[in-house]
J.: 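I have a structure I would like to understand better, so I am pasting it below and will then ask my questions one at a time.
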Amino acid sequence: QVQVVESGGGSVQAGGSLRLSCAASGYSVRTKCMAWFRRATGKEREGVALIYPSRHDTYYIPSGEGRFTISRDTVNNTLYLQINSLIPEDTAMYYCAADVGRVLDSDCYSAFIRGQFAHWGQGTQVTVSS
């Protein structure tokens, strides 16, 4: 059974950093389509970072470029999202998502844009104060 469980959220001041973790079970994070999404209060969920299944290339939303780093640790079977230079606009519930059936990079990207992943975690809250 595929499961993902997030951790690492918290309350930080603007300019600080956090590393979110997504512990996976039931499959290996190696060569899988995985992503981080977030939903701020009153806003729609948005994809913020994607890692492709066939290579280590990544994709970030423009506001995350240079501040977000998505990576996977195959030893610990965990996906990470490093967030630096946090700003109040980063305040949201952050969700890890995986879709082990999407093996093509193009299919993975399409799922990311539409927010249509098969497996979701419960989320971890990030709150940034100014």
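Quick note: residue numbers are just sequence positions, from 1. Because the structure is predicted, anything quoted here is derived from the model rather than measured.
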J.: Heavy atoms, side chains only, cut-off 4.5 Å: are L81 and T69 in contact?
T.: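 Answer no - side chains too far apart.
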
J.: Assess whether side chain to side chain contact (heavy atoms under 4.5 Å, CB included) is satisfied between D107 and F112, documenting all intermediate values.
T.: CA-CA 9 Å; D107 196 26; F112 177 75; over 6 Å; no

J.: Check the hydrophobic clustering (I, L, V, M, F, W, Y; side-chain heavy atoms under 4.5 Å; chains of links allowed) and say if V2 and V29 are grouped together.
T.: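 Per the 4.5 Å side-chain linkage, V2 and V29 are co-clustered.
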
J.: Mind listing the closest non-hydrogen atom pair of N84 and S17 along with its distance?
T.: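 Heavy atoms of N84 and S17 come nearest at OD1-OG, 3.0 Å.
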
J.: With sequence neighbours left out, write down each residue that passes salt bridge (charged side-chain N to carboxylate O under 4.0 Å, His left out) with R72, or none if nothing qualifies.
T.: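 Salt bridge (charged side-chain N to carboxylate O under 4.0 Å, His left out) check on R72 returns nothing, list empty.
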
J.: Does any part of the side chain of T127, heavy atoms only, come nearer than 4.5 Å to the side chain of V12, both counted from C-beta?
T.: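 Result no, sub-4.5 Å side-chain heavy-atom pair not found.
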
J.: Atom CE of M34 and atom OG of S71: how far apart are they, to the nearest 0.5 Å?
T.: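 Those atoms lie 11.0 Å apart.
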
J.: What is the distance from atom OH of Y59 to atom CD1 of I70, rounded to the nearest 0.5 Å?
T.: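 Going from the OH atom of Y59 to the CD1 atom of I70 covers 12.5 Å.
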
J.: Show the atom names and distances, to 0.1 Å, of all donor-acceptor pairs under 3.5 Å that link a side chain in residues 37-49 to residues at least two apart or in another chain.
T.:
unit_1	atom_1	unit_2	atom_2	d
R38	NE	E46	OE2	2.7
R38	NH1	D90	OD1	3.0
R38	NH1	Y94	OH	2.9
R38	NH2	E46	OE2	3.0
R45	NH2	G115	O	3.0

J.: Checking side-chain polar atoms at under 3.5 Å, does D73 have a donor or acceptor matched by the opposite partner on T78?
T.: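 No, T78 and D73 have no side-chain donor paired with an acceptor closer than 3.5 Å.
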
J.: Any donor and acceptor pair, going by atom type alone, linking the side chain of T91 with main-chain N or O of V128 inside 3.5 Å?
T.: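 Side chain of T91 to backbone of V128, a donor-acceptor pair under 3.5 Å: yes, one is there.
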
J.: Compare every heavy atom of G121 with every heavy atom of Y95, then report the nearest pair and how far apart it is.
T.: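 So the minimum-distance heavy-atom pair works out to CD2-O, 3.6 Å.
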
J.: Please check if the side chain of N77 supplies one atom and the backbone of A24 the other of a donor-acceptor pair under 3.5 Å.
T.: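 Flag set: sc N77 to bb A24 pair under 3.5 Å.
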
J.: Let me confirm one number: the CG-OG distance from L86 to S130, rounded to the nearest 0.5 Å.
T.: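 Reported value, rounded in 0.5 Å steps: 13.0 Å.
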
J.: Under 4.5 Å between side-chain heavy atoms, hopping through other hydrophobics if needed: is there a path connecting V126 to I61?
T.: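 In one cluster: yes.
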
J.: State the CD-CD distance between Q3 and Q1, to the nearest 0.5 angstrom.
T.: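 So the gap between those two atoms works out to 4.5 Å.
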
J.: Kindly indicate whether the side chain of L50, heavy atoms from C-beta on, has any atom under 4.5 Å from the side chain of C108.
T.: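 Side-chain contact under 4.5 Å: yes.
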
J.: Which atoms form the tightest heavy-atom contact between A111 and R102, and what is the distance?
T.: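 The answer is CB-NE, 3.2 Å.
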
J.: Identify the heavy atoms of W36 and S21 that sit nearest to each other, and give their distance.
T.: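 Answer, listing the atom of W36 first, then S21: CH2-O, 3.6 Å.
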
J.: State whether the side chain of D105 and the backbone N or O of Y52 hold a donor-acceptor pair below 3.5 Å, judged by distance alone.
T.: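 Such a contact is absent between D105 side chain and Y52 backbone.
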
J.: Nearest 0.5 Å, please: how far is NE2 in H119 from SG in C33?
T.: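 That separation rounds to 11.0 Å.
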
J.: Should we count CD of E65 as having more than 12 external heavy atoms under 6.0 Å?
T.: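 More than 12 heavy atoms, drawn from other residues, nucleotides or ligands, come within 6.0 Å of this atom.
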
J.: Within the side chain of T124, is there an N or O that forms a donor-acceptor pair under 3.5 Å with the backbone of G9?
T.: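 Side chain of T124 to backbone of G9, a donor-acceptor pair under 3.5 Å: yes, one is there.
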
J.: I need the W120 CH2 to D99 CG distance, nearest 0.5 Å.
T.: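 Interatomic distance, W120 CH2 to D99 CG, rounded to 0.5 Å: 10.0 Å.
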
J.: Answer yes or no: does atom CZ of R114 have more than 12 heavy-atom neighbours from other residues, nucleotides or ligands under 6.0 Å?
T.: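 Counting other residues, nucleotides and ligands, CZ of R114 exceeds 12 neighbours.
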
J.: So which atom in L79 and which in C96 form the shortest heavy-atom distance, rounded to 0.1 Å?
T.: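 That would be CD2-SG, 4.0 Å.
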
J.: Checking the side chain of E6 only, and the main-chain atoms of G123 only, is there a donor and an acceptor separated by less than 3.5 Å?
T.: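 Pair found, side chain donor or acceptor close to backbone of G123.
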
